[in-house]
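Right, one structure below, let's go through it.
Throughout, numbering of the chain's residues begins at 1 and tracks the sequence. Predicted model, so just to flag it, every value in this text is computed and none were measured.
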Amino acid sequence: LDLAEVIAAKTKILESKRMQRRRPTLTRELWPDFRIVDLNDVDRVRNIMDDVFQHDTNCYTIFLFEAVLIYLDEDVPRTLLRICHEALQKSNTSGALVFADRLERIPGGDLEIGRRELQSVG
C-alpha cells in the first residue's frame, strides 16, 4: 500500500534490466500486490486490507513500514498498526511487522515507548 508515485517508482525498479539480470527468476507473478492509497485514509486502508485478506488467508504476511510513520497524521500510525493486527486476527493468519526506519535519529525517539505502543495495539 503506497502512494501512486511510489508504486510507479518501485514498478520501474522491478521492470529494469538491472533487476532482470540480478534476479531473473523474479517474474511479475512474484511481485508484491501493489495497492494505491494514501495511508492517512485509514478507512480506505481498512477496506483494502479486508479485501486482501478475504482472498488470501493461507499465507504468512509481512507488513513493511518503510520510513513512513513519522510523516502520517497524528494517531494514524496507531490506527494502521491496529488495522494490521485486526486483519491477521480476522483471517486467523500469522504475520510480522517490519520497520525500515532509523527511529534512533528521531528527536525524542524512545525504544521503550515504541514497545509499549506496539503492545497496546496487539
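For the pair Phe53/Gln89, no side-chain contact is recorded, criterion being any heavy-atom separation below 4.5 Å from C-beta on. Inter-residue side-chain proximity for Leu97 and His85 is flagged as unmet; no heavy-atom pair is nearer than 4.5 Å.
In this structure, the side-chain contact (heavy atoms from CB on, under 4.5 Å) partners of Arg18, at least two apart in sequence or on a different chain, are Ser16, Arg21, Arg22. In this view, Gln20 satisfies the side-chain hydrogen bond (donor to acceptor under 3.5 Å, both in side chains) rule with no residue, not counting sequence neighbours. The side-chain contact (heavy atoms from CB on, under 4.5 Å) check on Tyr71 picks up nothing, with sequence neighbours excluded. In terms of the side-chain hydrogen bond (donor to acceptor under 3.5 Å, both in side chains) criterion, residue partners of Thr27 (sequence neighbours excluded) are, by chain and number, Glu29. For Glu74, the side-chain hydrogen bond (donor to acceptor under 3.5 Å, both in side chains) criterion is met by no residue, not counting sequence neighbours. With sequence neighbours left out, the side-chain hydrogen bond (donor to acceptor under 3.5 Å, both in side chains) criterion links Asn40 to Asp38. Not counting sequence neighbours, the partners of Asp43 by the side-chain contact (heavy atoms from CB on, under 4.5 Å) test are Asp41, Arg46. Scanning for salt bridge (Lys or Arg N to Asp or Glu O under 4.0 Å) contacts around Lys90 gives Asp50, with sequence neighbours left out. For Arg23, there are no salt bridge (Lys or Arg N to Asp or Glu O under 4.0 Å) partners, not counting sequence neighbours. For Arg28, the salt bridge (Lys or Arg N to Asp or Glu O under 4.0 Å) partners at least two apart in sequence or on another chain are Glu15.
Shortest non-hydrogen contact noted between Val42 and Ile83 is O-CD1, 3.7 Å. Minimum heavy-atom separation, Met49 to Ala87: CE-CB, 4.0 Å.
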**Request:** Starting from the C-alpha separation in whole Å, work towards a yes-or-no answer on side chain to side chain contact (heavy atoms under 4.5 Å, CB included) for Val37 and Asp2.
**Result:** CA-CA 5 Å; Val37 66; Asp2 217 325; over 6 Å; no
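Hydrophobic clustering (ILVMFWY, side-chain heavy atoms < 4.5 Å, transitive): Val98 and Tyr60 are in one cluster.
Ionic pairing of Lys10 and Glu66 is present here: one or more N-O contacts between side-chain nitrogen and carboxylate oxygen are shorter than 4.0 angstrom.
Cluster partners of Val6, using a side-chain heavy-atom cutoff of under 4.5 Å among ILVMFWY residues and allowing indirect links, are Leu3. The hydrophobic cluster around Ile7 extends to Ile13, Leu14, Met19, Leu26, Leu30, Trp31, Phe34, Ile36, counting ILVMFWY residues whose side-chain heavy atoms fall within less than 4.5 Å of a member.
With rounding to the nearest 0.5 Å, the separation of CG in Leu81 from CD in Glu86 is 11.0 Å. Rounded to the nearest 0.5 Å, atoms SG (Cys84) and CG (Leu1) are 8.0 Å apart.
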